[in-house]
Amino acid sequence: MSVLEMRDVVMEYRLREGLRTTRLRAVDKVSFELPPGRTIALVGQSGSGKSTIAKLLMQLERPTSGSILVDGEPMQYRGARAAAYRKAVQMVFQDPFGSLNPYHTIGHHLARPVKLHHPDFSREQVADRVAELLRRVRLDEDYVGRKPHELSGGQRQRVAIARALAPEPAILVADEPVSMLDVSIRLGVLNLLAALQREENLGVLYITHDLATARHFSDEIMVLYHGAVVEHGPADDVILNPQHEYTQLLAEAAPAPERRLAELGH
Amino acid sequence: MTLKLGVGLGIAGVIVLFGVIGPLVVGNPSTVRDMGLTGPGNGFLLGTTQTGQDVFAQLAYATRGSLIIGVVVGALTLLLSSFFGIVGAFVGGWADEAFSLFTNIMLVIPGLPLVILISSYVPNKSIWLVAAVLAITSWAGSARVLRGFTLSVRSRDYVLAAKISGEKRWRILFVEILPNLIPLLASQVVFAVIFAILGEAGLSFLGLGASGSFTWGTMLFYAQNGLALRLGAWWWFAPPGLAIALFGAALSLINFSIDEIINPKLRSQTRAERNKWSVKA
């Protein structure tokens, strides 16, 4: 399993207002292909359908029409193929404070996916794998027995990344993985993600609204506007030569010291 | 452990111990003696009733009876409210709609008329029947509370993460969701026990309680029938009344403490504690 593809995917929600129902098109004919080892940034404002695409990929929602293909085969929601898909596609959530169960230890969060992936592992093997996962995300092994509330936001997000890596996925969906973190530790988490991607040859869908990190960490950028992809191309092209007016707006909204200095120089 | 929790557990513990051990050491509470209404003393710690029955022995058996009602109703309420509240909310869709509708119907069925109805069909009501009726009429409220909280927990990211990693549905419910509901369940059960004991006392006082068994409510009922208040026989009606009040207060204190553990914002601070953090000009 390697290439993930969305083909003309449409997702509509039915909204009920009394007896009337209206339809909200959250995702409008989105198509893209995510090969291994590549990072695609999905950029758009709030409500543009970024998280809905993540939910569709995680099988938390079913598309109204269109198809999600894995190596050219349609994705399955039941049976052995669905289980294989779930192992291959993992997700890092936006909110590190909500994505870890406050009742369970860090060890539990990492051991469960390991056990689900390797039902034949002994207790020691699971513990070894959990320790290895913690090392991979640059955390001490003694975090195993800690509860989430004892960790900082950045540490929690590292645990969430380790959990996503536990089933040895081929594709990682990162839904605004640093937007809830302090600015000072964002770069560390993003560098970690980039390093892990290179080590594992992961295909990464990096969902964000931050153009600067999107350009820095991705090969391609897809701009989403009202559910539809309005621009898709190599990262530098999209940022330096935006075609769609929404992308132009977005690019101009980003702080650019050079531009400001040039204005002051006149 | 806060003072509140300590006091609550202390009082409740003493009453529970009395209810468990008391009946084993006192004499038969129904023995009629030819001595009439006598005050405390003369070998009877809390005096005797109009028919010469030992009030202390009656209180011991009544404590046991009331506690049984409380425990049974607490357990049944826990089972019914978790099933209809948590399972419905977790499964969602039509199951949730159906369970929710059923909960709402049960919520508006008044307990008292139902008991009167049942008592007219069953001449000899056992303590278990009364407990069952109280449980059936009281679980709906906490089921609604549990449903709301489960709906909120169900859509949290850690539950989605468990789903994504391929956990089985029952494991998500029992391992990921249920532990987060434990404080809420505990406080609901404590409340159900208070409600049951007070409700049973009320029913018994009206003469609708279990026949042929002792509870705090039946003691008050017989004291009322025996004109204890008018005769000034405080030793007859005060002990069961005090027991109800103390046990209710103790459980409420425990309940407040659980609430404070769930939501630390409810902890009352002293003014001095609050001022410590304020910025002095």
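Given the structure is predicted, the values throughout are model-derived calculations rather than measurements. Lettering of chains follows the sequences in order, A, B, ..., and the numbering in each one begins at 1.
Within residues 159-169 of chain B, the residues approaching chain A closer than 4.5 Å by heavy atoms are, in numerical order, Leu160(B), Ala161(B), Lys163(B), Ile164(B), Ser165(B), Gly166(B), Glu167(B).
For Leu100(A), the part lying near chain B is the backbone, with the side chain staying farther off; criterion is any non-hydrogen pair under 4.5 Å. Neither the backbone nor the side chain of His117(A) comes within contact range of chain B, judged by heavy atoms closer than 4.5 Å. Within the 4.5 angstrom heavy-atom criterion, no atom of Val153(B) approaches chain A.
A pairwise comparison of heavy atoms in Gly248(B) and Ile194(B) identifies O-CD1, 4.0 Å as the closest pair.
Remark: Arg156(B) is not positioned above the aromatic ring of Tyr158(B), lacking an NZ or CZ atom under 6.0 angstrom from the ring centre and at most 45 degrees off the axis. A cation-pi arrangement is present between Arg62(A) and Tyr77(A) under the rule of less than 6.0 angstrom and at most 45 degrees off the ring axis.
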Which atom pairs, one a donor and one an acceptor, fall under 3.5 Å between side chains of residues 33-44 of chain A and the rest of the protein, sequence neighbours left out?
| from | atom 1 | to | atom 2 | distance (Å) |
| --- | --- | --- | --- | --- |
| Arg38(A) | NE | Glu220(A) | OE2 | 2.9 |
| Arg38(A) | NH2 | Glu220(A) | OE2 | 3.3 |
| Thr39(A) | OG1 | Gln197(A) | OE1 | 3.0 |
| Thr39(A) | OG1 | Gln197(A) | NE2 | 2.6 |

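The backbone N or O of Glu12(A) sits nowhere less than 3.5 Å from a side-chain atom of Arg23(A) that would complete a donor-acceptor pair. With hydrogens and angles disregarded, no donor-acceptor distance shorter than 3.5 Å links the side chain of Ser81(B) to the backbone of Ser142(B).
Put simply, of Arg112(A), Arg163(A), Met58(A), the one with the most heavy-atom pairs under 4.5 Å next to chain B is Arg112(A). Among Ala83(A), Ala82(A), Gly98(A), Pro167(A), the residue with the largest count of heavy-atom pairs under 4.5 Å with chain B is Gly98(A). Most heavy-atom pairs under 4.5 Å with chain B: of the set Gln94(A), His108(A), His109(A), this distinction falls to His108(A).
Ring geometry for Trp170(B) against Phe174(B) counts as tilted: the plane angle lies between 30° and 60°, on a 0 to 90° scale.
Taking CG of Leu205(A) as the start and OG1 of Thr208(A) as the end, the distance is 11.0 Å to the nearest 0.5 Å. From Gln125(A), atom CD reaches atom NZ of Lys115(A) across 12.5 Å, with rounding to the nearest 0.5 Å.
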